[in-house]
Visitor: 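Got a structure here, written out as structure tokens. Questions coming.
In this chain, residues are counted from 1 in sequence order. Owing to the predicted nature of the structure, the values given are computational and were not obtained by experimental measurement.
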Amino acid sequence: MLRLAIMLAALASVRAGANEPSPADAGTRIGLGLEQPAVPSEPIANLAEGSTRTASQATLKLGGYVEIPYQWNFNQPSNFITNYRGFDNRHNMLTVENAVLDALGTSGPVSAHLVLQFGHAPETYYLAEPVSMGTAASGTTGPSVWKFLQQANLAYVAPLGRGLTFDTGLFLSPIGPEGLAIKDQWNWSRSDLFFGLPFYHAGVRATYPLTERLSASLQLYNGWNSVVDNNPELSPAVQVTYNVADHLTVNALYFGGVERNVGAPEGRPWRHLFDGYVMIAPLPWLSLLAHADAGFEPNHFGTSGWAAGALYFRVHPADWCYLAARGDYFREFVASNELGSAAPIFWAGSRWIASGTVTADFRPHDNLSVRLELRHDQAEKELFFSGQVHLGPDGVALPSARTQDTLTVGAVAWF
């Protein structure tokens with residue numbers, strides 16, 4: 001932990017520095033870039049990169065990014081909501097999707113990482129966070145407490161072999177290849193897999209580089225999207241990553257645990273999640289990615305489960321331009337028997353949801369991305385809004401459409 005005097009000295013003399021990943025980020029979603037280190041990490045390109053160094057070899061890096069989109073939903077919903085899209089969710093208005101401040105402090109083998117966020121993204125990011133009521137001596141915890149905090153963790157690299165990294169705190173989820181920062185993604189919007197699966201976890205991890213290209217990580221979390229858990233069981237995960245910089249990334253992960261609320265009619269079932277992806281750049285101007293995720297949960301009503309996949313394609317025809325396409329499909333199986341039915345895990349009871357996306361990414365400057373994106377969403381049941389939106393008896397807006405098409409123009413800048 002850096003002392004206040006060191007922090008002040010660092011802030012007073014910030015200068016441009018190298019784009020180095022933090023040990024505290026090992027094991028998180030890495031974003032859709034092949035320029036990643038052997039240990040998977042959420043890219044710290046957004047840390048850009050001021051750094052300072054004192055006689056004690058302490059460093060501080062500051063950075064951030066701002067994402068501003070305008071979106072037109074061809075359904076023209078009267079409530080201006082593009083539903084089930086995660087963060088790009090407002091029709092016919094210019095908004096701030098996310099504004100992020102990022103600080104990484106290191107002192108020898110110890111590091112601390114803090115990421116703050118503001119905008120539409122944080123409101124959706126913590127929608128699933130459990131609410132734990134407080135008392136006269138203990139405050140209530142829930143989405144309103146955590147929504148401005150994207151990451152907060154500390155790490156220690158033990159001098160064992162190639163360096164064994166222990167870290168603890170709040171992390172981006174290691175599930176899947178997509179990340180939270182748009183600048184590190186091939187598209188503006190995220191896939192249905194990213195939106196349906198967990199965004200973040202709180203817990204502890206140990207990561208070790210077995211070779212220069214192969215790393216393994218053991219992880220223990222509170223659960224899916226839980227800073228404060230909704231049950232007493234912890235959720236373990238195991239992750240293995242093979243990476244050849246700029247050419248190939250192969251990732252495999254298992255995540256298990258009890259995710260139902262205490263007292264849920266499904267009982268205390270153990271949910272199993274299996275995730276994997278392969279990202280390859282066969283040519284300097286061509287990148288390909290395949291992502292698959294599946295899981296099952298034996299409960300009192302039978303076995304619930306899901307299977308999902310996404311394919312990505314990106315070309316780089318000029319230094320200032322990228323063209324990308326993505327298609328995804330997510331299917332859920334809800335257990336039922338003579339006792340009744342389990343509550344759906346995803347998509348409000350729709351058995352499947354799918355999307356197709358094409359994106360043009362223009363780079364007039366190294367730290368500026370301007371994107372034009374067309375996307376089509378489709379589901380088995382009405383999940384989306386169209387035209388005049390009506391309210392149910394509980395005051396909640398009622399979806400009325402099985403499809404929605406959007407056109408998004410957005411800009412993201414980072415430092």
Visitor: If you define the side chain from C-beta out and look only at heavy atoms, does anything of Val204 sit under 4.5 Å from Gln219?
Guide: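 With C-beta onward as the side chain, the pair stays apart.
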Visitor: Do the side chain of Gln404 and the main chain of Asn75 share a donor and acceptor less than 3.5 angstrom apart?
Guide: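 No; judged by distance alone, with no hydrogens or angles, the pair does not exist.
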Visitor: If the threshold is 4.0 Å, N to carboxylate O, is there a salt bridge linking Glu178 and Arg326?
Guide: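 A salt bridge is present here (some side-chain N lies under 4.0 Å from a carboxylate O).
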Visitor: Are Ser189 and Thr357 packed together at the side-chain level, in the sense that at least one heavy-atom pair is separated by less than 4.5 angstrom?
Guide: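 They are in contact (side-chain heavy atoms under 4.5 Å apart), so the answer is yes.
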Visitor: May I ask you to check whether Asn299 and Ser304 show a side-chain donor-acceptor distance below 3.5 Å?
Guide: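 Yes.
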Visitor: Side chains of Val110 and Leu154, heavy atoms from C-beta outward: is any pair under 4.5 Å?
Guide: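 Heavy-atom side-chain distance check fails, nothing below 4.5 Å.
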Visitor: Check the surroundings of atom CG in Asn337: do more than 12 heavy atoms from other residues, nucleotides or ligands lie under 6.0 Å from it?
Guide: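 For Asn337, atom CG is crowded (more than 12 foreign heavy atoms under 6.0 Å).
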Visitor: Taking the six-membered ring where the residue is Trp, are the ring centres of Phe385 and His91 under 6.0 Å apart?
Guide: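 Between His91 and Phe385, which both carry aromatic rings, the centre distance is not below 6.0 Å.
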Visitor: Is a side-chain donor or acceptor of Gln71 paired with a backbone partner of Thr406 at a separation under 3.5 angstrom?
Guide: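 Pair absent, no side-chain N/O of Gln71 close to backbone of Thr406.
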Visitor: Any Lys/Arg nitrogen of Glu97 or Arg190 sitting under 4.0 Å from an Asp/Glu carboxylate oxygen of the other?
Guide: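 Here Glu97 pairs with Arg190 in a salt bridge, since their nearest N and O are under 4.0 Å apart.
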Visitor: Report the distance from atom CZ of Phe87 to atom CD1 of Ile182, rounding to the nearest 0.5 Å.
Guide: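 If we round to the nearest 0.5 Å, Phe87:CZ and Ile182:CD1 are 9.0 Å apart.
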Visitor: Check Ala152 against Leu114 and note the closest heavy-atom contact, atom names and distance.
Guide: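 Distance-wise, the nearest heavy atoms are CB-CD1, 4.2 Å.
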Visitor: Might you point out which heavy atoms bring Leu289 and Val278 nearest each other, and give the distance in Å?
Guide: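 It is CD1-O, 3.2 Å.
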Visitor: Just checking Phe296 against His272, ring centres under 6.0 Å apart?
Guide: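 Ring-ring flag for Phe296/His272: true, centres closer than 6.0 Å.
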Visitor: Looking at the rings of Tyr322 and His316, which for Trp means the six-membered one, are their centres under 6.0 Å apart?
Guide: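 Centroid distance Tyr322-His316: below 6.0 Å, so yes.
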Visitor: Restricting to side chain to side chain donor-acceptor pair (under 3.5 Å), what partner residues turn up for Tyr329, sequence neighbours left out?
Guide: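 Expected list: Arg331.
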Visitor: Pairs in or reaching into residues 256-265: which pass side chain to side chain donor-acceptor pair (under 3.5 Å), with residues at least two apart or in two chains?
Guide: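 Of all non-adjacent pairs touching residues 256-265, those that pass side chain to side chain donor-acceptor pair (under 3.5 Å) are Asn230-Asn261, Ser235-Glu259, Arg260-Glu297.
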Visitor: So which heavy atom on Val228 is nearest to which on Ser132, and how close?
Guide: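 So the two residues come closest at CG1-CB, 4.2 Å.
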Visitor: A side-chain contact here means heavy atoms from C-beta on lying under 4.5 Å apart; do Phe346 and Tyr84 qualify?
Guide: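 Contact flag for Phe346/Tyr84 side chains = no.
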Visitor: Check step by step if side-chain hydrogen bond (donor to acceptor under 3.5 Å, both in side chains) holds for Asp293 and Trp306.
Guide: CA-CA 8 Å; Asp293 190 278; Trp306 70 91; 2.7 Å; yes
Visitor: If the condition is salt bridge (Lys or Arg N to Asp or Glu O under 4.0 Å), which residues does Arg402 pass it with, not counting sequence neighbours?
Guide: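 With neighbours one apart ignored, the set is empty.
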Visitor: Do the two ring centres, one from Tyr277 and one from Tyr312, sit under 6.0 Å apart?
Guide: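 So the answer is no for these two rings.
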Visitor: Hey, does Val262 have a side-chain heavy atom less than 4.5 Å from the side chain of Pro232?
Guide: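 Answer yes - side chains close enough.
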Visitor: Side chains of Ile345 and Arg271: does their closest heavy-atom pair fall under 4.5 Å?
Guide: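 In short, these two side chains touch, coming nearer than 4.5 Å.
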Visitor: Please name the pair of heavy atoms, one in Gly163 and one in Pro209, separated by the smallest distance, quoted to 0.1 Å.
Guide: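 What the structure gives for the nearest pair is O-CD, 3.3 Å.
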Visitor: Rounded to the nearest 0.5 Å, how far does OG1 of Thr95 lie from CG of Asn89?
Guide: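 Nearest 0.5 Å value for the CG-OG1 distance: 7.5 Å.
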Visitor: Would you tell me whether Arg371 and Ser369 have side-chain atoms, one donor and one acceptor, within less than 3.5 Å of each other?
Guide: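 Yes.
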Visitor: In Å, rounded to the nearest 0.5 Å, how long is the span from OG of Ser341 to NE2 of His300?
Guide: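 Interatomic distance, Ser341 OG to His300 NE2, rounded to 0.5 Å: 14.5 Å.
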Visitor: How close do Ala335 and Gly302 get, heavy atom to heavy atom, and via which atoms?
Guide: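 Heavy-atom minimum between the residues: CB-C, 3.6 Å.
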Visitor: Hey, is CH2 on Trp270 packed in by over 12 heavy atoms from elsewhere, all under 6.0 Å?
Guide: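 More than 12 heavy atoms, drawn from other residues, nucleotides or ligands, come within 6.0 Å of this atom.
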Visitor: Does CH2 belonging to Trp146 count more than 12 external heavy atoms closer than 6.0 Å?
Guide: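 No, the 6.0 Å shell around CH2 holds no more than 12 heavy atoms from other groups.
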Visitor: Contact between Tyr156 and Pro109 at the side-chain level, heavy atoms closer than 4.5 Å - yes or no?
Guide: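 With C-beta onward as the side chain, the pair touches.
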Visitor: Is it true that Tyr200 and Tyr126 have ring centroids separated by less than 6.0 Å?
Guide: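 Distance test on ring centres: under 6.0 Å, yes.
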Visitor: Any heavy-atom pair between the side chains of Arg268 and Asn231 that's under 4.5 Å?
Guide: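 Yes. Closest side-chain heavy atoms under 4.5 Å.
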Visitor: What is the minimum heavy-atom distance between Asn98 and Phe118, and which atoms define it?
Guide: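 The pair with the smallest heavy-atom distance is OD1-O, 3.2 Å.
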